[in-house]
Asker: 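Pasting a structure below so you can have a look.
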Amino acid sequence: MSVTINQFDDRETMLESLYERIIGDLEQALALQSSITLLLSGGSTPGPLYQRLATAELNWKRVNVALVDERWVEPEHEASNERLLREKLLTGNAAEAKLVGMKNARATPFDGATECSASYATLPAPYSLCLLGMGPDGHTASLFPGAEGLEAALASKQHCAPIRARRSEVTGDYVERMTMTPWGILQSRRLILLFTGAEKWDVYEAACRSSASTDELPISWFIHQDKVPLEVYWAP
Ligand code: 6PG
């Protein structure tokens, strides 16, 4: 378990520090590779970060931005993570970045997983950076506790896996999801976990305990792995 904790007094300071971290990484990677991959999560927390990243003077046309997970809805849907990234990140300077989505024409993520993994297999790897979020139920990406497909996703050696989550306040109506697998995510050079608030901090601490069950707190899988150091960014 290799975890670095970065705690901040407020979200603005945290996001500015995280912005500097990410841009520094991307600049370093672009100096060494012609094309790089940035893996980003959806949800509400990272929106302001994405808007800040979009202002960066970076060679964005050489950056592949790929989703860590997706609700199985059309890209125009209000719940789409692809739409979130198009609206918050692929504007301004970052409009030139190439966005690789997950949603394809298949009816369900279970039908679409093979095609999605084949698409992700073409992304330049190792990935420069992966930004994970965490829900109050201890999920990350779309690895939801007790979900159909969770066990298979955790054991998979494919980039993406289908999930049918148990409906909850966290999932809302969007229980059919595609997620990157731990195997895929751990092909990242840097792994960052971004979350805020006291409630999520308590969930994070529970996941840190050696007794934590990956099925009940999937984020614990990434806390207890020792392949890629995990950097936590947290503010109240
Ligand atoms: C999603 C996200 C998800 C997110 C967490 C945290 O599709 O919902 O990818 O995994 O990272 O749910 O979301 P919040 O930042 O909204 O709490």
Side-chain angles (χ1 to χ4, degrees), residues 8 11-12 14-15 18 22 38-53 65-89 99-103 109 112 116 120 127 129-147 149-150 153-154 159-182 184-185 188 191-204 206-207 214 216-223 230-236:
F8 299 84
R11 298 183 186 186
E12 293 69 28
M14 173 186 70
L15 290 179
L18 187 46
I22 293 173
L38 172 61
L39 300 178
L40 297 176
S41 289
S44 59
T45 304
L49 171 66
Y50 298 158
Q51 290 174 310
R52 181 76 174 86
L53 288 172
V65 176
L67 284 166
V68 167
D69 69 323
E70 182 60 282
R71 297 83 180 270
W72 206 248
V73 295
E74 292 309 312
E76 303 73 34
H77 193 285
E78 62 178 3
S80 164
N81 285 336
E82 180 175 339
R83 176 174 167 176
L84 171 80
L85 287 186
R86 288 197 188 285
E87 290 178 349
K88 302 283 187 187
L89 177 62
L99 179 58
V100 177
M102 287 182 142
K103 178 66 174 68
C116 192
Y120 271 58
Y127 313 129
L129 185 143
C130 176
L131 180 72
L132 294 176
M134 188 187 75
D137 57 356
H139 88 266
T140 190
S142 277
L143 300 165
F144 283 90
L150 175 65
L154 294 176
H159 290 81
C160 301
I163 289 285
R164 186 172 289 115
R166 287 185 309 215
R167 199 190 186 293
S168 68
E169 273 185 40
V170 179
T171 65
D173 293 335
Y174 310 105
V175 297
E176 296 229 322
R177 308 252 183 148
M178 189 71 75
T179 188
M180 282 195 75
T181 60
I185 288 168
S188 303
L191 191 55
I192 290 176
L193 173 60
L194 168 65
F195 63 95
T196 58
E199 179 195 11
K200 286 188 180 182
W201 180 261
D202 291 344
V203 171
Y204 169 76
T214 304
E216 289 160 12
L217 294 171
I219 188 61
S220 65
W221 201 102
F222 294 94
I223 293 168
L230 181 69
E231 298 180 35
V232 174
Y233 279 74
W234 178 86

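Numbering of ligands and ligand atoms starts at 1, following listing order.
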Asker: Examine Thr140 against ligand 1 and note whether any of their N/O atoms are separated by less than 3.5 Å.
Answerer: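 N/O-N/O distance below 3.5 Å does not exist for this pair.
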
Asker: Does Glu74 pair with Lys103 as a salt bridge, N-O distance under 4.0 Å?
Answerer: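 Yes, Glu74 and Lys103 are salt-bridged.
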
Asker: Just so I know, are the side chains of Ile219 and Phe195 near enough to count as touching, which here means a heavy-atom distance under 4.5 Å?
Answerer: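 No, their side chains stay 4.5 Å or more apart.
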
Asker: Give yes or no for whether the N/O distance cutoff of 3.5 Å, strictly under, is met between Gly42 and ligand 1.
Answerer: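 Among all N and O atoms of Gly42, at least one is under 3.5 Å from an N or O of ligand 1.
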
Asker: Give me the atom names and distance for the closest heavy-atom approach of Ser41 to Asp69.
Answerer: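 Answer, listing the atom of Ser41 first, then Asp69: CA-OD1, 4.4 Å.
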
Asker: Indicate the atoms forming the closest heavy-atom contact of Thr171 with Arg167, along with that distance.
Answerer: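 Residues Thr171 and Arg167, closest heavy atoms: OG1-CA, 3.4 Å.
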
Asker: Among all protein heavy atoms, pick the one closest to atom 17 (O) of ligand 1 and tell me residue, atom and distance.
Answerer: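 For atom 17 (O) of ligand 1, the nearest protein heavy atom comes out as Lys200 NZ, 2.5 Å.
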
Asker: Starting from atom 9 (O) of ligand 1, find the nearest protein heavy-atom neighbour and note its residue, name and distance.
Answerer: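 I find the closest protein heavy atom is Asp69 OD1, 2.5 Å.
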
Asker: Determine whether Met180 and Tyr127 make a side-chain contact, defined as any pair of heavy atoms from C-beta on separated by less than 4.5 Å.
Answerer: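 Of all side-chain heavy-atom pairs linking Tyr127 with Met180, at least one is under 4.5 Å.
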
Asker: Give the atoms of ligand 1, by number and element, whose distance to some non-hydrogen atom of Arg177 is under 4.0 Å.
Answerer: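 Those qualifying, in numeric order: 1 (C), 7 (O), 8 (O).
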
Asker: Considering only heavy atoms from C-beta outward, does the side chain of Leu49 approach that of Ile22 to under 4.5 Å?
Answerer: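 When only atoms from C-beta onward are counted, Ile22 and Leu49 do touch, with a gap below 4.5 Å.
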
Asker: What are the atoms of ligand 1, with element, lying closer than 4.0 Å to any heavy atom of Ala141?
Answerer: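 Per the distance check, 3 (C), 10 (O).
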
Asker: Distance to 0.1 Å, residue and atom name: give those for the protein heavy atom nearest to atom 13 (O) of ligand 1.
Answerer: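 Protein heavy atom with the smallest distance to atom 13 (O) of ligand 1: Gly43 CA, 3.7 Å.
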
Asker: Are side-chain heavy atoms of Phe144 and Leu150 found at a separation under 4.5 Å?
Answerer: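 Heavy-atom side-chain distance check fails, nothing below 4.5 Å.
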
Asker: Of all the non-hydrogen atoms in the protein, which one sits nearest to atom 6 (C) of ligand 1, and at what distance?
Answerer: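 Answer for atom 6 (C) of ligand 1: Met134 O, 3.5 Å.
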
Asker: Would you say the side chain of Arg166 lies within less than 4.5 Å of the side chain of Pro145, judging by non-hydrogen atoms?
Answerer: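 Of all side-chain heavy-atom pairs linking Arg166 with Pro145, at least one is under 4.5 Å.
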
Asker: For atom 8 (O) of ligand 1, grab the closest protein heavy atom and report residue, atom and distance to one decimal in Å.
Answerer: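 Ranked first by proximity to atom 8 (O) of ligand 1 is Arg71 NH2, 2.8 Å.
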
Asker: Does Val68 come within less than 4.0 angstrom of ligand 1, counting non-hydrogen atoms of the residue?
Answerer: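 The answer is no, since Val68 has no heavy atom less than 4.0 Å from ligand 1.
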
Asker: So is Asn81 polar-close to ligand 1, meaning N/O to N/O under 3.5 Å?
Answerer: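 Right, the criterion is met.
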
Asker: Which is it for Thr45 and ligand 1 at heavy atoms under 4.0 Å: side chain, backbone, both or neither?
Answerer: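 Both the backbone and the side chain of Thr45 come within reach of ligand 1.
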
Asker: Is there a heavy atom of His139 sitting under 4.0 angstrom from any atom of ligand 1?
Answerer: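 Checking ligand 1 against His139, which is what was asked, there is a heavy-atom contact under 4.0 Å.
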
Asker: List ligand 1 atoms under 4.0 Å from Gly133, heavy atoms only on the residue side.
Answerer: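 Close to Gly133: 11 (O).
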
Asker: Does some side-chain heavy atom of Thr140 sit less than 4.5 Å from a side-chain heavy atom of Ile185?
Answerer: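 Not touching, per the 4.5 Å side-chain cut-off.
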
Asker: Answer yes or no: does an N/O atom from Ser41 fall short of 3.5 Å to an N/O atom of ligand 1?
Answerer: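 There is no such contact.
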
Asker: For the residue pair Ile163 and Trp72, establish whether any side-chain heavy-atom pair is separated by less than 4.5 Å.
Answerer: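 They are not in contact (no side-chain heavy atoms under 4.5 Å apart), so the answer is no.
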
